[in-house]
Amino acid sequence: MSSARDTLLAAARDAANSAYAPYSQFQVGAALAFDDGMVVTGANVENASYGLSLCAEVVALSRAMNEGRRGGLVAVAVAGLAAGEDAVMPCGRCRQMLSEMAQLGGTDPLVWSGSGDKAVEVSLSALLPFAFGPDSLREG
Ligand code: THU
């Protein structure tokens with residue numbers, strides 16, 4: 001029996017096959033697990049204007065938001081096809097984007113990446129302490 005972590009990482013690896021990454025050749029997949037058991041995946045989408053590229057986490061997050069999800073995010077797995085066992089950690093922008101969904105539902109998702117000796121498990125709040133979020137916009 002594989003653990004929840006291995007299952008979500010496998011979903012992220014699968015998703016990476018859908019990446020459009022002709023410039024970096026670095027195909028990344030992300031899988032978001034929600035408290036109702038559903039998983040939403042995404043893969044990076046690059047652009048000839050390189051700086052416009054979208055990370056896998058942002059694509060997955062956008063899909064989840066468009067499905068109407070507003071919270072309930074319990075875990076995030078990220079996998080890079082070329083990374084082997086190495087962890088691929090969410091970039092700063094992705095941490096902020098993921099944090100929005102986490103804060104909406106008051107969860108602190110675990111972030112999983114890598115495997116074997118390179119496996120990483122860390123909370124999103126550890127990756128993005130003192131996060132800016134929806135509450136920061138409230139007065140007082
Ligand atoms: N990338 C992701 O999709 N997620 C990450 O966590 C790290 C980086 C993508 C962006 C770009 O398409 C490629 O990896 C190389 O940076």
Side-chain angles (χ1 to χ4, degrees):
M1 255 288 273
S2 59
S3 65
R5 190 195 71 175
D6 292 344
T7 304
L8 201 64
L9 279 166
R13 215 167 301 116
D14 268 6
N17 288 300
S18 300
Y20 173 68
Y23 307 108
S24 71
Q25 305 291 341
F26 194 73
Q27 294 172 279
V28 182
L32 313 183
F34 289 87
D35 56 6
D36 61 357
M38 295 302 287
V39 171
V40 180
T41 61
N44 52 332
V45 176
E46 298 186 343
N47 191 277
S49 178
Y50 300 160
L52 301 182
S53 298
L54 301 175
C55 287
E57 296 91 324
V58 169
V59 174
L61 199 266
S62 302
R63 289 177 83 183
M65 282 286 188
N66 273 198
E67 281 182 6
R69 293 183 179 277
R70 300 288 186 269
L73 182 62
V74 292
V76 178
V78 185
L81 286 190
E85 292 204 328
D86 286 342
V88 175
M89 299 304 292
C91 74
R93 180 173 188 258
C94 289
R95 295 176 194 200
Q96 180 67 33
M97 295 291 287
L98 292 165
S99 179
E100 181 89 8
M101 184 71 92
Q103 290 186 53
L104 285 175
T107 61
D108 186 11
L110 287 173
V111 177
W112 291 319
S113 193
S115 58
D117 290 347
K118 311 272 186 69
V120 172
E121 174 181 283
V122 60
S123 66
L124 184 60
S125 67
L127 292 178
L128 189 68
F130 302 101
F132 186 82
D135 284 346
S136 311
L137 297 172
R138 300 226 171 86
E139 282 176 42

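Both ligands and their constituent atoms are indexed starting at 1 by order of listing.
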R93 atom CZ, neighbour heavy-atom count above 12 within 6.0 Å: no
Residue, atom name and distance, where the atom is the protein heavy atom closest to atom 7 (C) of ligand 1: V88 CG1, 4.0 Å
4.5 Å side-chain heavy-atom contact, D14 and T41: no
Heavy atom of P90, distance to ligand 1 below 4.0 Å: yes
Donor-acceptor pair, side chain of D108 and main chain of S125, under 3.5 angstrom: yes
For atom 16 (O) of ligand 1, closest protein heavy-atom neighbour: F26 CD2, 4.8 Å
Taking every non-hydrogen atom, the tightest pair across F26 and A21: O-CB, 3.8 Å
Min N/O separation N44 to ligand 1 under 3.5 Å: yes
Within one Ile-Leu-Val-Met-Phe-Trp-Tyr cluster: M65 and L73, side-chain cutoff 4.5 Å: yes
Sub-4.0 Å atoms of ligand 1 with respect to non-hydrogen atoms of S24: 13 (C), 15 (C)
Heavy atom of protein closer than 4.0 angstrom to atom 4 (N) of ligand 1: yes
Closest contact, heavy atoms only, A60 versus G42: CB-N, 3.5 Å
Part of E57 with heavy atoms under 4.0 Å of ligand 1, whether side chain, backbone, both or neither: side chain
Numbered atoms of ligand 1 (with element) below 4.0 Å of A56, judged on heavy atoms: 2 (C), 3 (O)
Per-atom contacts, ligand 1 versus E46 - under 4.0 Å to a heavy atom: 11 (C), 12 (O), 13 (C)
Contact atoms of ligand 1, heavy-atom distance to C55 under 4.0 Å: 1 (N), 2 (C), 3 (O), 4 (N), 10 (C)
M101 side chain near R69 side chain, heavy-atom distance below 4.5 Å: yes
M89 to ligand 1, any heavy atom closer than 4.0 Å: yes
Enclosure of M89 CE (heavy-atom neighbours >12, cutoff 6.0 Å): yes
